[in-house]
Amino acid sequence: MTDEATVVQQPALAALSAIVHSQSRRAAAILEAVARGLVSFEPDVTKSWFEVVEVGLESTPARENWRKLMQNVVTHFPGHGTLFEEKYLEGKSEGKAEGKSEAILRALKVRGLTVPDDVRERITGCTDLDTLATWFDRSLTVSEAEGLFAGEAEEPTAS
């Protein structure tokens, strides 16, 4: 199936075609046509069909090509490791880390402690939630901002 109009008329057949022909020499052309056709639907419909195809492609080489085609299209199949799910979880984790960093800085500020730029950068650059939780606990009792890192190695910012 390489005709976008047919994809729009028969999205289920198009999704099945993309999955069934994932090993063929025409797989790339089929995936491109299916992707172009599916984006003509409402965003939620497009997202659903994109994920149906991705889950169906399983671990075939075509799956990576499909993931590139759908880079910007969110997940209806949790637990299948789809690109949407990975990006969602990555963003959720980043958001939690950012929130914890802000809480640490706020606690230090409310307590009247000066936060040097290098300390601020280390806090905001950290993405490890356990490390940030430890630093938050310490932020409530340290006498200076540098005390957050007591007993730890000097860097890594992306803990």
Side-chain angles (χ1 to χ4, degrees), residues 7 11-12 14-16 18-19 22 27-28 30-32 34-159:
V7 173
L16 183 60
I19 295 165
S22 65
I30 293 168
L31 291 177
E32 287 178 29
V34 171
R36 284 193 311 269
L38 291 179
V39 296
S40 67
F41 292 105
E42 292 293 318
D44 284 345
V45 173
T46 296
K47 291 172 190 175
S48 295
W49 281 117
F50 267 54
E51 286 194 300
V52 166
V53 173
E54 184 180 1
V55 170
L57 291 173
E58 294 180 330
S59 61
T60 63
R63 185 174 192 230
E64 283 309 308
N65 186 20
W66 185 250
R67 288 170 67 97
K68 289 177 186 164
L69 292 169
M70 61 179 201
Q71 290 270 340
N72 297 315
V73 178
V74 188
T75 185
H76 301 283
F77 296 99
H80 283 84
T82 64
L83 179 64
F84 298 131
E85 184 175 21
E86 288 173 15
K87 294 297 181 186
Y88 170 77
L89 293 174
E90 185 179 293
K92 187 174 178 180
S93 179
E94 288 173 5
K96 284 183 178 182
E98 185 178 323
K100 287 184 182 259
S101 296
E102 290 172 0
I104 293 166
L105 294 171
R106 176 80 177 140
L108 294 171
K109 179 181 177 184
V110 167
R111 296 189 56 234
L113 299 178
T114 301
V115 181
D117 289 341
D118 63 322
V119 171
R120 180 179 306 279
E121 288 173 19
R122 188 165 174 191
I123 294 168
T124 59
C126 183
T127 57
D128 183 78
L129 298 177
D130 291 334
T131 299
L132 290 165
T134 298
W135 291 350
F136 177 75
D137 292 345
R138 291 178 184 167
S139 74
L140 302 174
T141 59
V142 294
S143 57
E144 60 181 24
E146 292 84 352
L148 294 174
F149 316 122
E152 296 180 12
E154 190 55 33
E155 276 303 301
T157 54
S159 301

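Being a predicted model, the structure only gives us computed values, none of them experimental. Quick note: residue numbers are just sequence positions, from 1.
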Any chance you could lay out the salt bridge (Lys or Arg N to Asp or Glu O under 4.0 Å) test for R63 and E54, step after step, and finish with the verdict?
-> CA-CA 6 Å; R63 185 174 192 230; E54 184 180 1; 3.1 Å; yes
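Summarising the geometry, atom OG1 belonging to T114 is positioned 12.0 Å from atom NZ belonging to K109; distances are rounded to the nearest 0.5 Å. Atom CG of L108 sits about 11.0 Å away from atom CD of E144, to the nearest 0.5 Å. With values rounded to the nearest 0.5 angstrom, I30 atom CD1 is found 11.5 Å from N65 atom CG.
Inter-residue side-chain proximity for L57 and L31 is flagged as met; some heavy-atom pair is nearer than 4.5 Å. Between I19 and S22, every side-chain heavy-atom pair lies at or beyond the 4.5 Å cut-off. Contact of the V7 side chain with the R36 side chain is not registered, since no non-hydrogen atoms from C-beta on lie closer than 4.5 Å. Side-chain contact check for F149 versus V119: some heavy-atom pair is nearer than 4.5 Å.
Between the side chain of R111 and the main chain of V142, a donor-acceptor pair closer than 3.5 Å is present. R138 places no side-chain N or O within 3.5 Å of a backbone atom of G147 that could act as its donor or acceptor partner. Without hydrogens or angle criteria, S101 side chain to I123 main chain gives a donor-acceptor distance under 3.5 Å. Distance alone, capped at 3.5 Å, is enough to place a donor-acceptor pair between the T134 side chain and the D130 backbone.
Judged as a side-chain hydrogen bond (donor to acceptor under 3.5 Å, both in side chains), and not counting sequence neighbours, R106 has no contacts. Every residue two or more places apart in sequence or in another chain that forms a side chain to side chain contact (heavy atoms under 4.5 Å, CB included) with E64 is listed here: R67.
Minimum heavy-atom separation, C126 to L132: O-CD1, 3.6 Å.
Between W66 and F50, the ring planes lie tilted relative to each other; the angle falls in the 30° to 60° range.
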